[in-house]
There are 2 protein chains.
Amino acid sequence: MNRERREHLELWEDLVRAHAAIVGRLEHEMEAEQGLPLRWYEVLLRLSRAPDGHMRMQDLAEVVLQSKSGLSRLIDRMEEAGLVSRQACPSDGRGINAAVTPAGRHRFRRAAPLHVRGIEQHFGRHLVPAQAAALRSLLSELLEIHAPAHPSEPLGGSQEHGQTA
Amino acid sequence: MNRERREHLELWEDLVRAHAAIVGRLEHEMEAEQGLPLRWYEVLLRLSRAPDGHMRMQDLAEVVLQSKSGLSRLIDRMEEAGLVSRQACPSDGRGINAAVTPAGRHRFRRAAPLHVRGIEQHFGRHLVPAQAAALRSLLSELLEIHAPAHPSEPLGGSQEHGQTA
DNA sequence: CCTGGAAAGTTGTCCTGGCAAGAACTCTCC
DNA sequence: GGAGAGTTCTTGCCAGGACAACTTTCCAGG
């Protein structure tokens, strides 16, 4: 019982370290070779994926893991750089759509291969199929528990942490 | 080939999301229930583990994944809070040892169960043995590649990224 | 129609962290 | 033993991000 817990702790620690190391590399490479902060790339990626190249600020904030205010300023900077633009949302007067500009798409297309290659090289490359399968099932479990895929809980509510055991 | 890559990309995305979600919870719980930023806890943990309750600033910075300057200020704050203290390093005049104070140890002991429980609840609990094993082997591979366990490369050098494929 | 409550974004303010420069010290080699 | 190169830590400065307050808009109920 306790043995298992100890192992889980170690796994968590290692996971955090590996995550940090890989993200660090990806950030550094993206910045060095494309002059693009990883966050910017993330935004461009999400917008490029989106149906008409635009998303509501709120939704975008969620997928790129930033606060509303954080995203607002991020979009400020990217707008100034000409990579995205803000547009009023037709269906909701309060809403704003962040949209990729052509320049943004171009920038994204140039940067994408680097990111794909980086992930493969620093991560995917080391996955054997059994590990990939295990990881997939684990992550889907974890995300189901944690991620507000269907925004149902504010996540900040500390609504549980009861001694479920 | 491309199929596999696509899957690796998805796995990476999911990993990032799961990591963020779990860290978010741990941070929130630690702050809410113990009034302790997770970083502070990390420092207390490392120092409590260390032989005489102290570590060189540099080494500490590495294990808690912060820059030298970041750690310096972090220790400033914790010192002011009475949880750690700075001591001259006897063997090297340039060095500073960060040491846990008794108050720091006390605080750590009170907080540790929460952290352990949190990790088990948000992470370990969902691991079946096969996943744990797969994860362990994967992480050790990744860390061997990436982590400067033996500080040999500055990590910022972008010394490879050649198309190894 | 009007009012009150909720939601979307933006902005003021503050905190944290990184980089680069600086101060203090150590080590090597002449 | 002294000069110069390299470490270790701290500090000035700035960028990025979070929280809370605010404005505008939407919606439900009377």
Side-chain angles (χ1 to χ4, degrees), chain A residues 20 23-25 27-28 30-32 35-43 54-81 84-99 148 151-158, chain B residues 20 23-25 27-28 30-32 35-43 54-81 84-99 148 151-152 154-157:
Chain A
V23 169
R25 295 249 168 137
E27 258 172 358
H28 190 265
M30 185 60 72
E31 185 74 51
L36 213 54
L38 196 52
R39 287 282 163 88
W40 291 33
Y41 176 80
E42 263 282 297
V43 168
H54 59 71
M55 285 179 76
R56 291 288 294 268
M57 293 292 281
Q58 175 123 302
D59 302 332
L60 186 55
E62 260 175 36
V63 297
V64 301
L65 301 172
Q66 286 232 306
S67 67
K68 282 185 304 173
S69 62
L71 180 70
S72 192
R73 303 208 213 253
L74 178 51
I75 294 297
D76 285 348
R77 281 169 253 145
M78 293 183 68
E79 198 171 17
E80 189 166 12
V84 302
S85 68
R86 270 183 243 246
Q87 312 174 339
C89 175
S91 60
D92 187 335
R94 299 164 297 182
I96 298 281
N97 276 326
S152 52
E153 298 165 354
L155 186 281
S158 92
Chain B
V23 169
R25 294 247 168 138
E27 259 172 357
H28 190 264
M30 185 61 73
E31 186 76 51
L36 214 53
L38 197 52
R39 288 280 164 89
W40 290 34
Y41 177 80
E42 262 282 296
V43 167
H54 60 70
M55 287 179 75
R56 291 289 293 270
M57 293 292 281
Q58 174 124 301
D59 301 332
L60 187 54
E62 259 175 37
V63 296
V64 302
L65 303 173
Q66 287 232 303
S67 67
K68 284 183 303 173
S69 62
L71 182 70
S72 194
R73 305 208 214 252
L74 178 51
I75 294 297
D76 285 348
R77 283 168 252 147
M78 293 183 68
E79 197 170 18
E80 190 165 11
V84 302
S85 68
R86 271 184 241 245
Q87 311 174 341
C89 176
S91 61
D92 186 334
R94 299 164 296 181
I96 299 281
N97 276 326
S152 51
L155 183 284

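All values below were derived from every heavy atom in this structure, side-chain atoms included, with hydrogens, water molecules and symmetry-related copies excluded. Note that this is a predicted model, so its numbers are computed, not measured. Sequence lines set the chain letters: A, B, ... in the order given, protein chains first and strands last, and positions in each chain run from 1.
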Rounded interatomic separation in angstrom, taking [atom1] from [X] and [atom2] from [N]:
X       : N      : atom1 : atom2 : result
B/Glu42 : C/dT16 : CD    : P     : 17 Å
B/Gln87 : D/dC9  : CD    : P     : 13 Å
B/Met78 : C/dT16 : CE    : C1'   : 15 Å
A/Met57 : C/dA8  : CE    : P     : 12 Å
B/Glu27 : C/dT16 : CD    : P     : 12 Å

Per [X] side chain, nearest of listed nucleotides [options]:
X       : options                : answer
B/Ser69 : C/dC25, C/dC19, D/dA20 : C/dC19
A/Arg94 : C/dG17, D/dT10, C/dA6  : C/dA6
A/Ser72 : C/dT10, C/dA6, D/dT8   : C/dT10

Under 4.0 Å, heavy atoms only, any strand: does [X] hit a base, just the sugar-phosphate, or nothing?
X       : answer
A/Asp92 : sugar-phosphate
B/Arg39 : sugar-phosphate
A/Arg73 : base

Closest approach of [X] to [Y] (non-hydrogen atoms, all atoms of both residues):
X       : Y       : value
B/Ala20 : A/Leu65 : CB-CD1, 3.8 Å
B/Ser67 : B/Ala61 : O-CB, 4.2 Å
B/Asn97 : B/Ala88 : ND2-O, 4.4 Å

Given DNA chain D, 5'-ward residue of the pair B/Ile96 and A/Leu71, judged by closest heavy atom =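 The residue mapped nearer the 5' terminus is B/Ile96.
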Residue closer to the 5' end of DNA chain C, B/Lys68 versus B/Leu74 (nearest nucleotide) = B/Leu74
For residues A/Gln66 and A/Ser72, determine if any side-chain heavy atom of one lies less than 4.5 Å from a side-chain heavy atom of the other.
-> no
